[in-house]
Amino acid sequence: MIAEAIVAAAAEMGGFKCPVVVRLQGTNSEKGLKLIEQSGLKNLAVEAEFEKAARMIVKETSGAEG
């Protein structure tokens, strides 16, 4: 359900303009990961492990202003 909602939101918005990191873990997470990968969305990263997801966020935002 989470993966489907992310793909639907991206489609409604015309894609993501900034990087989005999703921590996807649990029942059917592999199915959700496959759905997101097949969607072809850009600026979207998926990670199951919390620490790796946090590192991805830091990497994506390290050069951001704000």
Side-chain angles (χ1 to χ4, degrees):
M1 286 178 23
I2 293 170
E4 290 171 351
I6 291 167
V7 171
E12 187 173 317
M13 296 171 35
F16 295 121
K17 293 176 177 57
C18 64
V20 175
V21 177
V22 176
R23 180 175 175 245
L24 193 60
Q25 186 179 42
T27 305
N28 295 321
S29 62
E30 289 181 20
K31 183 178 176 183
L33 175 60
K34 189 173 185 175
L35 176 73
I36 290 173
E37 287 176 348
Q38 292 175 343
S39 73
L41 291 172
K42 298 198 181 338
N43 286 331
L44 178 62
V46 181
E47 178 56 57
E49 294 182 38
F50 181 80
E51 189 171 322
K52 286 183 181 180
R55 287 182 184 168
M56 291 172 85
I57 292 168
V58 171
K59 181 181 176 186
E60 292 293 332
T61 60
S62 62
E65 294 180 24

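Computation of the quantities below employed the complete heavy-atom set of this structure, encompassing side-chain atoms and omitting hydrogens, waters and symmetry-equivalent molecules. The structure displayed is predicted, hence computed values, not measured ones.
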- Message: Show every side-chain hydrogen bond (donor to acceptor under 3.5 Å, both in side chains) that has at least one partner inside residues 2-26, sequence neighbours left out.
- Response: R23-Q25
- Query: Hey, quick one: are V21 and V46 part of the same hydrophobic cluster, counting side-chain heavy atoms closer than 4.5 Å, chains of contacts allowed?
  - Reply: no
- Message: Under 4.5 Å between side-chain heavy atoms, counting indirect links through other Ile/Leu/Val/Met/Phe/Trp/Tyr residues: same cluster for F50 and V22 or not?
- Response: no
- Message: Please determine whether residues L24 and V7 belong to a single hydrophobic cluster, defined as Ile, Leu, Val, Met, Phe, Trp and Tyr linked transitively by side-chain heavy-atom distances below 4.5 Å.
- Response: yes
- Query: Within a radius of less than 6.0 Å around CG of L41, do more than 12 heavy atoms belonging to other residues, nucleotides or ligands occur?
  - Reply: yes
- Note on the structure: Value for CD1 (I2) from CD1 (I36), rounded to nearest 0.5 Å, stands at 9.0 Å
- Query: Going from CG on L44 to SG on C18, what distance comes out if it is rounded to the nearest 0.5 angstrom?
  - Reply: 10.5 Å
- Pairs touching residues 35-51 that satisfy side-chain hydrogen bond (donor to acceptor under 3.5 Å, both in side chains), sequence neighbours left out: E51-R55
